[in-house]
Amino acid sequence: MAGDDRRPDAGSPTGAGSDSHAAMVARARALIPELRNRAARTEELRRLPPQTERDLHDAGLFRIVQPKRVGGSELDYVALVDCADALGQADASVAWNFANLASHHWMLGMFDPRAQAAVWDKDADTLIASSFIFPAGRARKVDGGYVLNGHWPFSSGVESCDWNMLASVVSSDDEADGIEYRIFLLNRRDYKINDTWNATGLCGTGSNDVRVVDAFVAEPMTISVSDLTGGPTPGSVVNPNPLYALPVFSLFPYVLSGVGLGNAQACLNDYVDFARHRASTYNRAKVSDMQTTQIKIAEASAKIDAARLVMRTNCIDAMADARRGHVPDIAAKTRLRRDGAFSVNLCTDAVSLLFAASGARSLFTSGALQRQFRDAHAVNSHLAFNFDAAGTNYGRVALGLPSENLTL
């Protein structure tokens, strides 16, 4: 169906359209049949099955945006969208954990080289979880680093990880200098995992809570959000690729947007296959001959194609900006956030439309449709895809008011 078999656009030697990019997408697509077969087991476990993690490791997918100097592929940012799109056509939970954990290799490439060495010198395959909910933590500056406390929800894939990136507000005695947002890289020994993930969607992501009590985090193991707004970072001295100069939180929606895209594409593909071979229960008319069926397919596919175009174009354009040393202004950054939310909303609308069009078939807990519907709305519940929030901030900036998103 629409968009499913398109080759990535031509681009740079390590970017979209290169052999390595195409190869990684092909490896992700090759996993689809087996991952679909495991989907029920993944939901039952509430985390990725060990064999699924092994498959993703063996395919090199977790390392697609990791620096080449430590064995990563160092592909352009759009690879996150394309590979999550492919994996999402099998199981959104798998795609969600892939995209989250792969993106943390990209982010680590922006940290102080000493932090990179602490993680990758020991094991370049190691996985890193995260929770970027800044108000959930409080850090206090001390000699040589920070003391961190907090309780963070939604740390996806955390049981599979040896490290965690936790976002926090840095407090001071009088806060006269304003609020600082900072990210802290902690080893597993420094945080406790609370098994809280009992969810109706993205059930297999193991997005449990993490608690930290009085953990000392050395200065090199932290990075300020102000260093991640675009341009050179503390890691640029060892990772000069423009990939590691992208504005992190402006592009944050596109880490995960491919999950909603692939899930919607799978839902459309399944619906078309169903409609081609079924007759109405009531009058035995061929479902494919019904005009309403044809219109629903057209509408859903248009939404999905539009979403894919928006996601990929924005990621490719962002890389082009980074290559020429251009950092987008606040208007462009809020547009990226707006488009990220809007494109995923389009995918959710497509799934909801097809779910309703499927009639009584959608009531059964067997089959993929009910999971695709639940996963679509779970993806859409992420703050990055809340169009009210992203749209409000875009509108504020368009009207000459200051941005309310402190991470941009």
Side-chain angles (χ1 to χ4, degrees), residues 1-11 15-18 21-29 31-32 35 61 64-65 75-92 94-96 98-99 102-103 246 250-273 296-320 335-355 368 372-373 375-380 382 384-385 387 390:
M1 282 308 298
D4 192 30
D5 294 318
R6 295 176 181 173
R7 292 183 60 82
D9 296 344
S18 70
H21 180 103
M24 284 300 175
V25 175
R27 290 179 196 177
R29 286 180 175 164
L31 294 174
I32 290 175
L35 295 179
L61 287 163
I64 60 171
V65 285
L75 300 180
D76 280 3
Y77 192 77
V78 72
L80 285 169
V81 172
D82 289 344
C83 291
D85 178 2
L87 294 172
Q89 293 178 42
D91 184 343
V94 175
W96 185 270
F98 148 74
S103 73
L246 292 170
S250 304
L251 289 165
F252 186 64
Y254 306 96
V255 169
L256 298 167
S257 65
V259 179
L261 179 63
N263 184 65
Q265 185 70 58
C267 188
L268 174 62
N269 293 347
D270 290 351
Y271 181 79
V272 170
D273 185 62
K296 294 295 188 295
I297 290 170
E299 183 178 354
S301 63
K303 290 177 185 289
I304 294 166
D305 284 356
R308 180 176 284 107
L309 180 62
V310 169
M311 293 176 196
R312 300 194 77 251
T313 298
N314 281 348
C315 292
I316 291 167
D317 287 350
M319 280 300 310
R335 182 186 63 78
L336 287 169
R337 297 287 300 215
R338 178 203 69 185
D339 288 359
F342 187 74
S343 58
V344 168
N345 286 191
L346 286 175
C347 294
T348 307
D349 290 346
V351 173
S352 294
L353 183 156
L354 296 170
F355 184 84
Q372 290 160 349
F373 180 80
D375 286 347
H377 286 271
V379 170
N380 211 107
H382 194 288
F385 306 129
F387 189 75

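Only this structure's heavy atoms are used, side chains among them; waters, hydrogens and symmetry mates stay out.
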Quiz item: When rounded to the nearest 0.5 angstrom, what distance separates OG in S343 from CE in M311?
Solution: 3.5 Å
Quiz prompt | Least distance between heavy atoms, F373 atom then S352 atom | solution = CE1-OG, 3.9 Å
Quiz item: If you measure from CG on L268 to OG on S301, what distance do you get to the nearest 0.5 Å?
Solution: 6.0 Å
Quiz item: Without hydrogens or angle criteria, can the side chains of D76 and H21 be said to hold a donor-acceptor pair below 3.5 Å?
Solution: no
Quiz item: Would you say F252 and H382 make side-chain contact, with heavy atoms under 4.5 Å?
Solution: yes
Quiz item: Would a 4.5 Å heavy-atom cut-off, applied to side chains only, mark Q89 and R29 as touching?
Solution: no
Practice problem: To the nearest 0.5 Å, tell me how far M319 CE sits from L246 CG. | Solution: 5.5 Å
Quiz item: Hey, are the side chains of L31 and L61 touching, using non-hydrogen atoms and a 4.5 Å cut-off?
Solution: yes
Self-check item: Any side-chain heavy-atom pair of F387 and R338 under 4.5 Å
Solution: yes
Quiz prompt | Close side-chain approach of F98 to I64, heavy-atom, < 4.5 Å | solution = yes
Quiz item: Side-chain contact, heavy-atom cut-off 4.5 Å: Y254 with L336?
Solution: yes
Practice problem: Starting at CG of L256, measure out to OG of S103 and round the result to the nearest 0.5 Å. | Solution: 7.0 Å
Quiz item: Does the N263 side chain pair with the main chain of Q372, one donor and one acceptor, at a distance under 3.5 Å?
Solution: yes
Self-check item: Flag for D339-N314: side-chain donor and acceptor within less than 3.5 Å
Solution: yes
Quiz item: Are any of the side-chain heavy atoms of F385 and V379 separated by less than 4.5 Å?
Solution: yes
Quiz item: Is the backbone N or O of K296 less than 3.5 Å from a side-chain atom of Y271, with the two atoms forming a donor-acceptor pair by type?
Solution: no
